[in-house]
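The structure appears below as structure tokens.
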Amino acid sequence: DLVKEVFVFPQETKDSHVLVRAKLEQPLQNFTVCLRSYTDPTRPHSLFSYAPKAQDNEILLFKPKPSEYWLYVGGKFVSFRVLGAIVASEHICASWESSTGIVGFWLNGKPWPRKGLQRGYTVGAEAAILLGQEQDTFGGGFNARQSFVGEMSSVYMWDTGISTVRVLAAMQNSPDKAPIFGWRNFPYKTVGEVYLKP
């Protein structure tokens, strides 16, 4: 249970990351990922990377600049523009459903207009799941200039969509539905310079 803790990524590196020790046995038709991040670098960086052996950007939450987030599904992405003028802790959730291709995005509990991506696609199972680096190969292929620097916490993933009410619950670390993995029962291994701090 990491509710009172955060991962600190103190500097740009080509290897430091958190490996989420969760194995999905079944392909996904739907998913939601939520996390909280606090960073001041303005360069592109990766937050959450999910890659089976066949596809590097199967699920990727990426921040190319302070005013934008990208969600990749199966190598294609949609962008969500945000106002990024101040350095503040940002809680984001992104959801996707195969049947419609609809992507939902929430910043600090507020929903953005929904978009469409990869309708009918299936997300592969048995992936490497990483925080803080972008995988160009299964579990590796990192680029220091895309590494996350800052603090990250409240990481959750579900195999379903999500409502704004449940986004708000996840922000408080009290999700009403059991996630695949979550901050209250988080299976992880730190690699390189990443520290768990109160």
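These figures come from a predicted structure and were not determined experimentally.
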> Looking only at heavy atoms, what is the nearest atom pair of Trp158 and Ala170, with distance?
Replying inline: CH2-CB, 3.8 Å
>> Under the rule for side chain to side chain contact (heavy atoms under 4.5 Å, CB included), what residues qualify as partners of Thr42, not counting sequence neighbours?
In response: Pro66
>> Testing the basics here: between Ala51 and Asp56, what is the closest heavy-atom pair and its distance to 0.1 Å?
In response: CB-O, 3.1 Å
> Within the distance-only criterion (no hydrogens, no angle test), does the side chain of Glu25 pair as donor or acceptor with the backbone N or O of Glu126 below 3.5 angstrom?
Replying inline: no
> For Asn30, does its backbone N or O pair with a side-chain atom of Glu97 as donor and acceptor, under 3.5 Å?
Replying inline: no
> Taking the six-membered ring of Phe138, is NZ or CZ of Lys53 closer than 6.0 Å to its centre and within 45° of its axis?
Replying inline: yes
> Ignoring hydrogens and geometry, is there a side-chain-to-backbone donor-acceptor pair from Gln133 to Ser16 under 3.5 Å?
Replying inline: yes
>> Nearest 0.5 Å, please: how far is CG in Leu107 from NE2 in His91?
In response: 10.0 Å
>> With a 3.5 Å distance limit and no angle check, can you tell me whether Gln135 reaches the backbone of Phe142 through a side-chain donor-acceptor pair?
In response: no
> Sub-3.5 Å donor-acceptor pair from the side chain of Tyr121 to the main-chain atoms of Ser99, do we have one?
Replying inline: no
> In Å and rounded to the nearest 0.5 Å, what is the OG1 to CG distance from Thr190 to Leu19?
Replying inline: 10.0 Å
> Sequence neighbours excluded, which residues qualify as side chain to side chain donor-acceptor pair (under 3.5 Å) partners of Asn57?
Replying inline: none
> Does any pair with a residue in residues 93-189 pass disulfide (SG to SG under 2.5 Å), and if so which ones, sequence neighbours excluded?
Replying inline: Cys34-Cys93
>> With salt bridge (Lys or Arg N to Asp or Glu O under 4.0 Å) as the rule and sequence neighbours excluded, what pairs involving residues 99-112 come up?
In response: none
>> Using modelled atom types and a 3.5 Å cut-off, is there a donor and acceptor pairing between side-chain atoms of Thr122 and backbone atoms of Pro27?
In response: no
>> I need the full list of salt bridge (Lys or Arg N to Asp or Glu O under 4.0 Å) pairs touching residues 187-198, with sequence neighbours left out, sorted by first then second residue.
In response: none
> Between Glu58 and Gln55, what is the shortest heavy-atom contact and its length?
Replying inline: OE1-CG, 3.0 Å
>> Are there over 12 heavy-atom neighbours, none belonging to Lys177, within less than 6.0 Å of that residue's NZ?
In response: yes
>> Going by the rule side chain to side chain contact (heavy atoms under 4.5 Å, CB included), which residues pair with Glu68 if we only count those two or more places apart in sequence or in a different chain?
In response: Pro64, Lys65, Trp70, Ser79, Arg81
> How would you list, by chain and number, every residue that makes a side chain to side chain donor-acceptor pair (under 3.5 Å) with Glu134, sequence neighbours excluded?
Replying inline: none
> What is the ring orientation for Phe105 with Trp112, classed by angle as parallel under 30°, tilted 30 to 60°, or perpendicular over 60°?
Replying inline: perpendicular
>> Under the rule for side chain to side chain donor-acceptor pair (under 3.5 Å), what residues qualify as partners of Arg21, not counting sequence neighbours?
In response: none
>> Show the nearest heavy-atom pair for residues Thr32 and Ser95, with the distance to one decimal.
In response: OG1-CB, 3.4 Å
>> Just verifying a value: how many Å separate Phe148 CZ and His45 NE2, rounded to the nearest 0.5 Å?
In response: 5.5 Å
> Do any pairs count as a salt bridge (Lys or Arg N to Asp or Glu O under 4.0 Å) and have a residue in residues 141-156, sequence neighbours left out, and if so which ones?
Replying inline: Glu12-Arg145
> What is the distance from atom CD1 of Ile180 to atom CD1 of Ile129, rounded to the nearest 0.5 Å?
Replying inline: 7.5 Å
> Considering residues at least two apart in sequence or located in another chain, which fulfil the side chain to side chain donor-acceptor pair (under 3.5 Å) criterion with Ser154?
Replying inline: Asn173
> Between Arg36 and Trp183, is NZ or CZ placed under 6.0 angstrom from the six-membered ring centre and within 45° of the ring axis?
Replying inline: no
> Under 3.5 Å, side chain of Ser46 to main-chain N/O of Ser147, donor-acceptor pair present?
Replying inline: no
> Just how far is it from atom CD1 of Ile102 to atom CZ of Arg119, taken to the nearest 0.5 Å?
Replying inline: 10.0 Å
Contacts under 3.5 angstrom, residues 1-10 side chains, donor-acceptor by atom type, not counting sequence neighbours:
residue	atom	partner	partner atom	Å
Asp1	OD1	Val3	N	3.0
Asp1	OD2	Arg184	NH1	3.4

> How would you list, by chain and number, every residue that makes a ring-ring contact (aromatic ring centres under 6.0 Å, His included) with Trp106, sequence neighbours excluded?
Replying inline: none
> Ring centroid separation for Phe31 and Trp96, is it under 6.0 angstrom?
Replying inline: yes
>> Quick check: closest heavy atoms across Leu117 and Leu71, and the distance to 0.1 Å?
In response: CD2-O, 3.7 Å
